[in-house]
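Because the structure is a prediction, the values reported are computed rather than measured. Protein chains get the first letters and strands the later ones, always in sequence-line order, with residue 1 at the start of each.
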There are 2 protein chains.
Amino acid sequence: MSTGSTPGSPARPTPRPTDQADVRRHNAALVLGCVSSSGPLSRARVAAHTGLTRATVGTIVDELLAAGLVSEQGTRSASGIGRPGTDLVLRPDGAASVGLEINVDGIVVAVVDLGGTVRHRAARSGDLRDRTAAAVLRSAAHMVDDAVAVAYDLGLPVRGIGVAVPGLVDLGEQVLRLAPNLGWTDVAVVERLRFYAVTHWPCPVVLDNEANLAALGELWRGGHLSTDSFVLVNGDVGVGAGVVLDGALHRGSRGFGGELGHLTVAPEGPDCRCGARGCLEQVAGLDFILRQAGVRDAPRTGEDAVTPLLTRLRRGDERAIAAVRQAGEALGVGVAALVNLFDVDTVVLGGVFAPLFPWLDEPLQAVVRRRVLSAAWAPLTVRPSDLGRDAAVIGAAYAPLRDLLADPLTVVEESA
Amino acid sequence: MSTGSTPGSPARPTPRPTDQADVRRHNAALVLGCVSSSGPLSRARVAAHTGLTRATVGTIVDELLAAGLVSEQGTRSASGIGRPGTDLVLRPDGAASVGLEINVDGIVVAVVDLGGTVRHRAARSGDLRDRTAAAVLRSAAHMVDDAVAVAYDLGLPVRGIGVAVPGLVDLGEQVLRLAPNLGWTDVAVVERLRFYAVTHWPCPVVLDNEANLAALGELWRGGHLSTDSFVLVNGDVGVGAGVVLDGALHRGSRGFGGELGHLTVAPEGPDCRCGARGCLEQVAGLDFILRQAGVRDAPRTGEDAVTPLLTRLRRGDERAIAAVRQAGEALGVGVAALVNLFDVDTVVLGGVFAPLFPWLDEPLQAVVRRRVLSAAWAPLTVRPSDLGRDAAVIGAAYAPLRDLLADPLTVVEESA
DNA sequence: TAGAGTTCGTACAGCGCCTAAACATACTCG
DNA sequence: CGAGTATGTTTAGGCGCTGTACGAACTCTA
């Protein structure tokens with residue numbers, strides 16, 4: 001938390017001495033961030049924005065140009081009087097990353113460039129609960145192989161691979177400890193993926209929980225959030241939460257955080273896989289919603305599972321609407337708890353909750369209004385995810401790119 | 001947050017450029033932290049611990065000596081062969097701070113020195129719900145006046161004043177937005193205190209929630225925690241939580257976090273002041289416990305309120321034991337939620353929960369074991385606070401000292 | 001069309017901070 | 001008492017930011 005922590009890095013960094021190189025790193029990241037977020041900008045404007053000197057910005061920009069992360073763009077944004085500055089812009093194909101999502105309903109890979117554009121996407125659907133971890137990871141590894149090859153053909157340097165999984169991740173060991181909905185326990189996902197890969201992946205591979213990565217994806221690509229403090233509630237068979245405070249992902253000290261699904265919302269409710277009773281997941285999870293709505297003629301997972309439910313909702317099917325309303329109320333209890341504890345001002349509903357938002361919104365809001373103590377001073381925005389079900393893959397791809405953006409000069413060192 | 005945020009500072013710092021002065025600041029804090037946490041240490045050992053050069057440590061130590069934050073202590077810890085190093089040690093009276101706690105049952109002030117020793121303590125008991133905010137704050141201001149004078153007499157330079165209040169605090173404005181148990185709304189506590197003060201306080205005054213500050217106090221002075229990630233659950237009439245991840249306090253983006261008391265544990269439970277039903281506070285708060293236990297002949301607040309309950313518990317009074325067990329179970333639900341969301345490995349029970357710990361422990365643990373998903377991989381420690389009811393005052397005093405420890409060279413600048 | 005005014009980007013001296021190596025100091029061991 | 005070792009300080013060197021100065025490029029005005 002301060003310290004939020006980056007996926008893949010150890011949770012508690014040893015106190016490190018600082019020297020001028022760190023100053024350079026920090027300021028380089030500052031300049032790059034300024035260019036990437038505030039559009040085309042001249043060196044002088046960057047200097048004004050960041051508080052650095054024009055001279056300093058000049059040398060840093062030289063290095064970023066050499067690293068291929070930034071490019072000059074002529075003097076488009078001439079502002080009247082005086083010598084026009086040369087516009088600087090983030091070079092989208094200066095770096096890229098491969099995102100991999102392994103979920104109950106299939107595998108998705110995506111090649112995402114530095115600009116956030118998905119340059120390649122491949123999916124393999126099917127209920128993974130029927131297959132062994134080894135078989136799934138072998139498929140996934142080959143899909144990543146293909147994606148790396150595609151990136152190479154597109155001239156994109158792959159700087160990292162991010163992997164999203166639906167379960168508890170041990171960050172230090174890069175091991176998936178428990179994925180109840182997949183039935184996996186203690187799977188060394190990264191090590192196995194590298195083992196099954198045909199080609200060598202010359203870049204870091206980071207593993208993280210899907211809700212955490214979806215939150216990162218939302219932070220990066222999701223429509224302009226008013227703040228960079230929000231919670232992403234990811235709905236599928238399970239329900240997870242990714243917490244972003246001040247732009248930093250808070251995943252708990254050991255990566256086991258964000259397990260919203262097992263919050264108690266109905267102490268006398270149905271038994272849960274986890275051993276407790278009345279877990280949120282049991283009332284707001286996809287399985288329960290479909291069962292309550294009487295949808296039986298659909299696959300139990302994935303996008304396809306929501307489609308028949310959506311058609312019933314649109315038709316005004318009372319049973320379906322009641323089921324979703326009930327889920328919305330349960331979700332409201334969970335969201336209220338999140339907001340009371342974390343004090344975020346925005347909650348984003350992702351996964352299957354995104355398409356269901358129109359029906360979830362009102363009951364959810366009603367519950368939240370009742371239960372959130374600070375509601376009067378700090379209005380809460382609840383909105384569906386823009387990225388929908390691709391948030392996790394995009395976030396997975398973003399994770400390594402984020403490290404790059406936070407320390408842009410590593411790439412020039414490597415090529416030297 | 002990381003980013004965690006320091007009480008008193010704005011939640012989202014503008015991206016700032018870094019220069020060599022920041023390097024110095026960082027390394028000075030590193031050296032000071034090393035000396036203060038790892039006992040008496042020679043310059044050479046500090047260099048080895050921090051990774052800095054002996055030369056750098058030398059110059060930094062000179063500055064810290066000049067600032068009066070560190071002192072030399074002869075060559076006590078001679079380690080055999082070679083020239084013995086001169087031991088460096090944190091100078092306890094190099095700085096001090098005044099902590100002020102305003103709670104339902106009274107006001108407490110304390111002068112705490114840099115070594116964490118309480119050098120002066122004064123309390124005024126009585127149910128504050130009977131008095132106006134103005135009267136309470138006037139008393140509090142005068143108590144702080146006295147404390148500042150005492151510190152002056154002891155030769156302690158007062159570097160800051162920390163104020164703990166039981167409610168929602170707006171960090172930016174330094175305003176207490178809502179304290180349901182006091183019946184206060186939108187009180188500019190810091191501004192009022194300075195107004196009522198007789199003497200001028202030449203130092204920063206920071207305001208924060210009592211649970212947050214109690215967590216800071218626990219982090220600082222509470223027995224050696226195995227980790228610096230934990231949650232402090234503070235019990236009184238209300239129930240609050242202070243979350244510390246990797247040594248950083250996470251108070252939410254606007255200071256409204258940690259409201260554990262209004263987590264839902266019994267959807268069909270009794271109505272709560274906050275408008276919802278079945279809040280944790282309604283089942284595990286002091287009022288409810290006393291009522292269930294049949295304790296009517298005691299003040300409703302403060303330490304005295306627990307005493308008759310404790311005697312009944314020790315006597316084996318079944319009604320009292322059942323009441324506390326029920327509170328323990330409710331607390332278990334809340335703690336499980338905290339652990340699932342934040343993934344901490346230690347929970348500290350403070351306030352009135354500390355003396356009740358022997359009776360709360362077992363039912364709480366039972367519930368937690370059932371509900372915490374990661375319990376098998378990451379055992380959870382639940383223990384009572386060492387500081388008891390003084391955690392909040394001590395934490396309040398610590399808050400400004402913490403800023404000083406994080407940037408020790410400010411003091412030498414001021415005196416220059 | 002020419003000169004004044006303005007802004008942009010770069011070059012250069014200066015300063016602060018860290019590192020590395022050398023040196024003086026102080027103690028133990030044989 | 002000298003060799004060996006660890007401590008603390010001194011000095012030269014490198015690096016990064018700042019401030020100033022200067023050439024470049026463009027607009028405005030006469």
Side-chain angles (χ1 to χ4, degrees), chain A residues 15-31 35 40-66 70-88 407-409 412-413 416, chain B residues 15-31 34-35 40-66 70 72-88 407-409 412-413 416:
Chain A
R16 247 174 14 85
T18 307
D19 63 355
Q20 289 94 310
D22 293 313
V23 173
R24 183 58 139 212
R25 242 191 295 281
H26 178 103
N27 288 336
L30 194 63
V31 168
V35 169
L41 236 50
S42 70
R43 288 170 176 77
R45 280 168 192 281
V46 170
H49 266 74
T50 57
L52 293 164
T53 327
R54 293 209 304 274
T56 305
V57 172
T59 60
I60 288 175
V61 166
D62 284 344
E63 293 184 73
L64 294 177
L65 286 169
V70 156
S71 61
E72 293 188 318
Q73 217 196 12
T75 69
R76 201 162 307 173
S77 70
S79 63
I81 206 168
R83 168 178 166 179
T86 54
D87 281 339
L88 298 168
D407 187 5
L409 301 184
V412 59
E413 282 165 20
Chain B
R16 246 173 15 85
T18 307
D19 64 352
Q20 291 96 307
D22 293 313
V23 173
R24 184 55 141 213
R25 243 190 294 283
H26 178 103
N27 287 336
L30 193 63
V31 167
C34 184
V35 169
L41 236 51
S42 70
R43 290 168 174 77
R45 277 167 195 280
V46 170
H49 266 73
T50 58
L52 292 163
T53 327
R54 293 207 306 273
T56 306
V57 172
T59 61
I60 288 175
V61 165
D62 284 346
E63 294 186 73
L64 294 177
L65 285 169
V70 155
E72 294 189 316
Q73 217 197 12
T75 69
R76 201 163 307 175
S77 70
S79 63
I81 206 168
R83 169 178 168 179
T86 54
D87 280 340
L88 299 168
D407 188 5
L409 301 184
V412 60
E413 282 165 20

Could you list the protein-to-nucleotides 25-30 of chain C atom pairs, N/O on both sides, closer than 3.5 Å?
{"from": "C:dT25", "atom 1": "O2", "to": "B:Arg83", "atom 2": "NH1", "distance (Å)": "3.1"}

Check nucleotides 19-22 of chain C for protein N or O atoms closer than 3.5 Å to its own N or O atoms and list the pairs.
{"from": "C:dT19", "atom 1": "OP2", "to": "B:Thr53", "atom 2": "N", "distance (Å)": "3.4"}
{"from": "C:dT19", "atom 1": "OP2", "to": "B:Thr53", "atom 2": "OG1", "distance (Å)": "2.6"}
{"from": "C:dT19", "atom 1": "OP2", "to": "B:Thr56", "atom 2": "OG1", "distance (Å)": "3.1"}
{"from": "C:dT19", "atom 1": "O5'", "to": "B:Thr53", "atom 2": "OG1", "distance (Å)": "3.3"}

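Looking at every heavy atom in both residues, B:Leu64 comes nearest to B:Ala28 through CD1-O, 4.3 Å. Considering all non-hydrogen atoms of both residues, A:Pro40 and A:Gln73 come closest at CB-OE1, 4.0 Å. Closest approach of B:Asn27 and A:Pro17 over heavy atoms only: OD1-CA, 3.5 Å.
Following rounding to the nearest Å, A:Leu41 (CG) and C:dT7 (P) show an atom-to-atom distance of 16 Å. The CG-P distance, from A:Leu65 to C:dG9, rounds to 12 Å in whole Å. Whole-Å rounding puts the A:Arg24 CZ to C:dG16 C1' distance at 16 Å. Distance B:Arg25 CZ to C:dG16 C1': 13 Å, rounded to the nearest Å. In this structure, B:Leu409 atom CG and C:dC17 atom C1' are separated by 12 Å, rounded to whole Å.
In this structure, the side chain of B:Ser42 engages the main chain of B:Arg45 through a donor-acceptor pair within 3.5 Å.
For B:Ala29, the side-chain contact (heavy atoms from CB on, under 4.5 Å) criterion is met by B:Pro408, not counting sequence neighbours. Taking A:Thr50 as the reference, nothing meets the side chain to side chain donor-acceptor pair (under 3.5 Å) condition, with sequence neighbours excluded. Here B:Thr59 pairs with B:Arg24 under the side-chain contact (heavy atoms from CB on, under 4.5 Å) rule; sequence neighbours left out. Here B:His26 pairs with A:Thr18 under the side-chain contact (heavy atoms from CB on, under 4.5 Å) rule; sequence neighbours left out. Partners of A:Asp62 by salt bridge (charged side-chain N to carboxylate O under 4.0 Å, His left out), not counting sequence neighbours: none found. Under the rule for a side-chain contact (heavy atoms from CB on, under 4.5 Å), the partners of B:Thr86 that lie at least two apart in sequence or sit in another chain are B:Arg43, B:Glu72, B:Thr75.
Annotation: side chain of A:Leu88 is not in contact with side chain of A:Leu41 (no heavy-atom distance under 4.5 Å). A 4.5 Å side-chain heavy-atom check between A:Val46 and A:Val35 finds at least one atom pair inside the cut-off.
Under 3.5 Å, the side chain of A:Gln20 and the base of C:dC18 form no donor-acceptor pair of N or O atoms.
Heavy atoms of A:Thr86 sit under 4.0 angstrom from primed sugar atoms or phosphate atoms, though from no base atom.
Recorded end-axis angle for the helix from C:dT1-D:dA30 to C:dG30-D:dC1 stands at 10°, based on five pairs per end and rounded to 10 degrees.
Atom NE2 of residue B:His49 and atom CG of residue B:Leu30 lie 11.0 Å apart, to the nearest 0.5 angstrom.
Extent of DNA chain D lying under 4.0 Å from chain B heavy atoms, first and last nucleotide in 5' to 3' order, is D:dT5 to D:dC17.
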